[in-house]
There are 2 protein chains.
Amino acid sequence: MPEDRAPTRIQKKNRAAILEAALNVFSTHGFRGATVDQIATEAGLSKPNLLYYYRSKDAIYAALLERLLDTWLDPLRAIDPNGNPLQELLSYIRRKLEMSRDYPRESRLFANEIIRGAPHIHAVLSADLKSLVDETAQLIRRWIAEGHIAEVNPYHLIFSIWSLTQHYADFDVQIRAVLGDAEPDPYPGASAYLDQLFTRLLTPQG
Amino acid sequence: MPEDRAPTRIQKKNRAAILEAALNVFSTHGFRGATVDQIATEAGLSKPNLLYYYRSKDAIYAALLERLLDTWLDPLRAIDPNGNPLQELLSYIRRKLEMSRDYPRESRLFANEIIRGAPHIHAVLSADLKSLVDETAQLIRRWIAEGHIAEVNPYHLIFSIWSLTQHYADFDVQIRAVLGDAEPDPYPGASAYLDQLFTRLLTPQG
DNA sequence: TCGTGATTTGACCATCTGGTCAAACTCACG
DNA sequence: CGTGAGTTTGACCAGATGGTCAAATCACGA
């Protein structure tokens with residue numbers, strides 16, 4: 001398949017179908033647990049046909065990760081340095097929680113990759129992600145210095161936001177098992193709780 | 001191998017070596033990504049020899065999970081209903097964070113299992129874990145009613161403790177990548193941050 | 001309608017993997 | 001030191017899996 005020409009209609013359709021199927025399969029079985037056959041079947045293609053569009057299983061996985069990384073970090077970039085600090089952070093938290101609710105497969109895919117030591121995206125974490133977080137940490141430091149929010153470690157603040165929001169996607173099964181049938185949707189409670197938690201943490205002390 | 005007799009010296013030694021090796025391999029590669037050969041080699045045995053002690057790959061995994069579940073939940077059981085509420089909860093958080101630091105492989109093993117939908121321990125979650133959490137939630141409700149701690153959703157409080165502490169084990173690579181070489185040990189900062197976070201959240205409002 | 005490049009597929013291959021088995025070896029104990 | 005239970009292993013198997021390839025089929029612009 002020519003890589004240099006503009007993609008044909010069929011190429012667009014099939015590549016999209018493959019990535020969608022791959023997201024399903026990789027996020028539930030992990031890289032190793034996923035099979036090319038399974039992805040091909042789910043995408044409505046034969047295995048050799050799938051391998052016509054992506055050279056190898058690795059290539060599918062890499063393409064998928066790359067395409068999702070930006071989307072995943074968009075909410076962090078959307079924080080407005082000139083907005084109301086507490087509101088900006090609370091909005092960020094809400095957006096991240098909504099992403100856990102609406103895109104749990106993406107969350108689990110990343111969780112999987114990172115638990116395994118981030119073999120495919122370690123470089124991106126140490127470079128792009130680090131500098132993005134460094135910038136945000138600087139912004140938070142400024143907000144603290146200006147007295148808009150309470151004094152907290154900005155890095156651990158960011159880690160805690162990631163942790164608490166993604167937990168609802170990654171550990172969904174456990175959460176539902178513990179809450180039982182009486183509370184089938186954990187997200188309203190989660191949203192209220194996280195609002196309360198971060199408001200109390202970040203509101204400057206009297 | 002006779003299962004009914006008391007285990008011999010060799011059986012004890014080899015079973016222990018197998019579970020230790022299995023913890024290593026399963027926690028870094030997941031169930032599917034781990035191979036029996038790899039576990040056997042790491043345990044210093046041949047593959048058929050390993051399968052003499054555990055019938056199958058599944059059996060190793062099941063034995064490992066079972067042996068670890070209790071240990072993993074011990075800190076929750078250790079909360080003293082008659083202690084100082086805030087201190088009991090902060091101690092629980094510290095213990096959980098220490099477990100992430102000292103037993104990251106166990107944490108990742110569970111994370112892996114649950115991300116995949118907890119196929120092997122779903123029943124335990126819905127039964128034993130649920131009732132243990134229900135009890136603790138009752139205790140927290142009592143503490144709130146008595147005015148010892150602020151009003152929070154007890155279930156989401158517990159989820160947040162699990163999330164925040166286990167995050168440091170499961171996402172270790174990401175955390176170290178973001179913090180960079182300047183701060184090689186995330187745990188002191190994490191400990192201080194979590195203390196601050198939960199103290200502010202749980203201290204009753206004036 | 002034709003020709004060419006894009007797409008699809010059946011057949012195939014090498015390797016890996018979980019698991020089996022009979023035979024060989026080792027250990028503890030009488 | 002002999003014996004039987006406990007332990008170890010090399011050889012092997014069947015199925016799964018990632019990937020290849022030549023040939024067949026399809027789509028579309030001239």
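Residue numbering restarts at 1 for every chain, and letters A, B, ... go by the order of the sequence lines.
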Between the protein and nucleotides 12-21 of chain D, list the N/O to N/O atom pairs that are separated by less than 3.5 angstrom.
{"from": "D:dT17", "atom 1": "OP1", "to": "B:R32", "atom 2": "NH2", "distance (Å)": "3.0"}
{"from": "D:dG18", "atom 1": "OP1", "to": "A:A34", "atom 2": "O", "distance (Å)": "3.3"}
{"from": "D:dG18", "atom 1": "OP1", "to": "A:K57", "atom 2": "NZ", "distance (Å)": "3.0"}
{"from": "D:dG18", "atom 1": "OP2", "to": "A:V36", "atom 2": "N", "distance (Å)": "2.9"}
{"from": "D:dG18", "atom 1": "N7", "to": "A:K47", "atom 2": "NZ", "distance (Å)": "2.8"}
{"from": "D:dG19", "atom 1": "OP2", "to": "A:K57", "atom 2": "N", "distance (Å)": "2.8"}
{"from": "D:dG19", "atom 1": "N7", "to": "A:K47", "atom 2": "NZ", "distance (Å)": "3.3"}
{"from": "D:dG19", "atom 1": "O6", "to": "A:K47", "atom 2": "NZ", "distance (Å)": "3.2"}

Under 3.5 Å between N/O atoms: give me all the protein pairs with nucleotides 24-30 of chain C, atom names plus distance.
{"from": "C:dA28", "atom 1": "OP1", "to": "B:R9", "atom 2": "NH2", "distance (Å)": "3.0"}

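Listed pair B:Q11 / D:dT7 meets the phosphate criterion, a side-chain N or O lying under 4.0 Å from OP1 or OP2. Put simply, B:T8 has a side-chain N or O that comes within less than 4.0 Å of OP1 or OP2 on D:dT7. Within the 4.0 Å cut-off from OP1 or OP2 of D:dT9, at least one side-chain nitrogen or oxygen of B:N49 is found. Using a 4.0 Å cut-off, no side-chain N or O of A:Y52 falls inside it from OP1 or OP2 of C:dT8. Here A:N14 reaches the OP1 or OP2 of C:dT8: one of its side-chain N or O atoms lies under 4.0 Å away.
For residues 161-170 of chain B, there are no salt bridge (charged side-chain N to carboxylate O under 4.0 Å, His left out) pairs, not counting sequence neighbours. Pairs of residues two or more places apart, or lying in two chains, that qualify as ring-ring contact (aromatic ring centres under 6.0 Å, His included) and include a residue from residues 85-112 of chain A are A:W72-A:F110.
For the salt bridge (charged side-chain N to carboxylate O under 4.0 Å, His left out) test, no residue two or more places apart in sequence or in another chain qualifies with A:D80. B:D70 meets the side chain to side chain donor-acceptor pair (under 3.5 Å) test with B:R77; sequence neighbours excluded. B:D58 is linked by a side chain to side chain donor-acceptor pair (under 3.5 Å) to B:H120, counting only residues two or more places apart in sequence or in another chain. Every residue was checked against the side chain to side chain donor-acceptor pair (under 3.5 Å) condition with B:R101, not counting sequence neighbours, and none meets it. Partners of A:S163 by side chain to side chain donor-acceptor pair (under 3.5 Å), not counting sequence neighbours, listed by chain and number: B:S163.
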Can you list, pair by pair, the side-chain donor-acceptor contacts under 3.5 Å of residues 21-30 of chain A, counting residues two or more places apart and other chains?
{"from": "A:N24", "atom 1": "OD1", "to": "A:R105", "atom 2": "NH1", "distance (Å)": "3.2"}
{"from": "A:N24", "atom 1": "ND2", "to": "A:E42", "atom 2": "OE2", "distance (Å)": "2.9"}
{"from": "A:S27", "atom 1": "OG", "to": "A:L23", "atom 2": "O", "distance (Å)": "2.8"}
{"from": "A:S27", "atom 1": "OG", "to": "A:N24", "atom 2": "O", "distance (Å)": "3.1"}
{"from": "A:T28", "atom 1": "OG1", "to": "A:N24", "atom 2": "O", "distance (Å)": "2.9"}
{"from": "A:T28", "atom 1": "OG1", "to": "A:V25", "atom 2": "O", "distance (Å)": "3.3"}
{"from": "A:H29", "atom 1": "NE2", "to": "A:Q38", "atom 2": "NE2", "distance (Å)": "3.4"}

When the side chains of residues 182-194 of chain A are checked against the rest of the protein, which donor-acceptor pairs come out under 3.5 Å, sequence neighbours left out?
{"from": "A:D185", "atom 1": "OD1", "to": "A:Y187", "atom 2": "N", "distance (Å)": "3.0"}
{"from": "A:Y187", "atom 1": "OH", "to": "A:S100", "atom 2": "O", "distance (Å)": "3.4"}
{"from": "A:Y187", "atom 1": "OH", "to": "A:Y168", "atom 2": "O", "distance (Å)": "3.3"}
{"from": "A:Y193", "atom 1": "OH", "to": "B:S160", "atom 2": "OG", "distance (Å)": "2.8"}

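A salt bridge is absent between B:R108 and B:D172: the closest approach of a Lys/Arg side-chain nitrogen to an acidic carboxylate oxygen does not fall below 4.0 angstrom. Under a 4.0 Å N-O distance rule, the pair A:D74/A:R95 does not qualify as a salt bridge.
Counting to the nearest Å, the C1' atom of C:dT7 and the OH atom of A:Y54 are 16 Å from each other. Separating the OH atom of B:Y61 from the C1' atom of C:dG19 is a distance of 20 Å, rounded to the nearest angstrom. B:Q38 places its CD atom 14 Å from the C1' atom of C:dG18, with the value rounded to the nearest Å.
Of the residues in residues 18-29 of chain B, none lies under 4.0 Å from DNA chain C by heavy-atom distance.
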